[in-house]
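What follows is a set of notes on a single structure, which appears directly below.
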Amino acid sequence: MPYLFVHHKVEDFAKWKQVFDEHAAMRKSGGSKGGFIFQNAEDPNDVVTLMEWDSEESARRFSQSDDLRQAMELAGVSGPPYIRFLELADRPSV
C-alpha cells in the first residue's frame, strides 16, 4: 500500500487545516484514500500528514502538482516540505 508522508512547518495550524480540508476533493480525485494528520506535541504548527494512495505514481504526480504547491502557499506552509513515499511493511497488533 503506498503512502505519502509530508512534514512541514505552517504559520497557523487552523488556517492550514482549513485549506487542507478545502483541498480534499482534489486529493481524492488524484487517488488519495485518506489518512492522518499529526501535530508535534510541543509545536502545533509542526505538521505531518500520512496519506494512503491508490498507487505510488498517483502520489508522486500529486506531490509535484502546481495545484498542491498553490494550496501550500495559500495555507501558509513555511519553507519546503519534507516528502517521502512509503510502503506499508507491517501492521503490528501491539
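Atom set for the values below is all heavy atoms of this structure, side chains included, hydrogens, waters and symmetry mates excluded. The residues of the chain are indexed from 1 along the displayed sequence.
Considering OG of Ser32 and CE of Met26, their distance stands at 12.5 Å, rounded to 0.5 Å. Between Ile83 atom CD1 and Gln64 atom CD the span is 8.5 Å, to the nearest 0.5 Å. Atom-to-atom distance recorded for Asn45:CG and Glu11:CD is 9.0 Å, nearest 0.5 angstrom. In this structure, OG on Ser55 lies 13.0 Å from CZ on Phe62, to the nearest 0.5 angstrom.
Residues Phe85 and Trp53 place their aromatic rings such that the two centres sit no closer than 6.0 Å.
Looking at every heavy atom in both residues, Tyr3 comes nearest to Leu88 through CE1-CB, 3.9 Å. Between Gly30 and Ser58, the shortest heavy-atom distance links the atoms O-CB, 3.3 Å.
Side-chain contact between Glu56 and Leu4: absent, with no pair of heavy atoms (C-beta onward) separated by less than 4.5 Å. Using a 4.5 Å heavy-atom cutoff, the side chains of Leu74 and Lys15 are not in contact. Proximity of Lys33 to Asp54: side-chain heavy atoms (C-beta onward) are separated by under 4.5 Å at one or more points. The shortest distance between side-chain heavy atoms of Phe36 and Thr49 does not fall below 4.5 Å. Side-chain contact between Ile37 and Lys17 is present, with heavy atoms from C-beta onward closer than 4.5 Å.
The cationic atom of Arg27 (NZ for Lys, CZ for Arg) lies less than 6.0 Å from the six-membered ring centre of Phe20 and within 45° of the ring axis.
Val6 and Phe13 fall within the same hydrophobic cluster, where Ile, Leu, Val, Met, Phe, Trp and Tyr residues are linked whenever their side-chain heavy atoms come under 4.5 Å apart, directly or through other members. Cluster annotation: Tyr82 is connected to Leu50 through the hydrophobic network of ILVMFWY side chains, with a link wherever side-chain heavy atoms come within less than 4.5 Å. Residue Val10 is grouped with residue Leu68 when hydrophobic side chains (ILVMFWY) are merged at heavy-atom distances under 4.5 angstrom, including chains of intermediate members.
With sequence neighbours left out, Glu57 forms a side chain to side chain donor-acceptor pair (under 3.5 Å) with Arg61. Partners of Asp66 under the salt bridge (charged side-chain N to carboxylate O under 4.0 Å, His left out) rule, at least two apart in sequence or in another chain, are Arg69.
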Item to complete: Could you walk me through whether Asp46 and His8 pass the side chain to side chain donor-acceptor pair (under 3.5 Å) test, one step at a time?
Response: CA-CA 6 Å; Asp46 184 15; His8 48 239; over 6 Å; no
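Listed for the Glu52 side chain is no donor-acceptor partner under 3.5 Å among the backbone atoms of Gly34.
A side-chain N or O of Asp67 and one of His23 form a donor-acceptor pair less than 3.5 Å apart.
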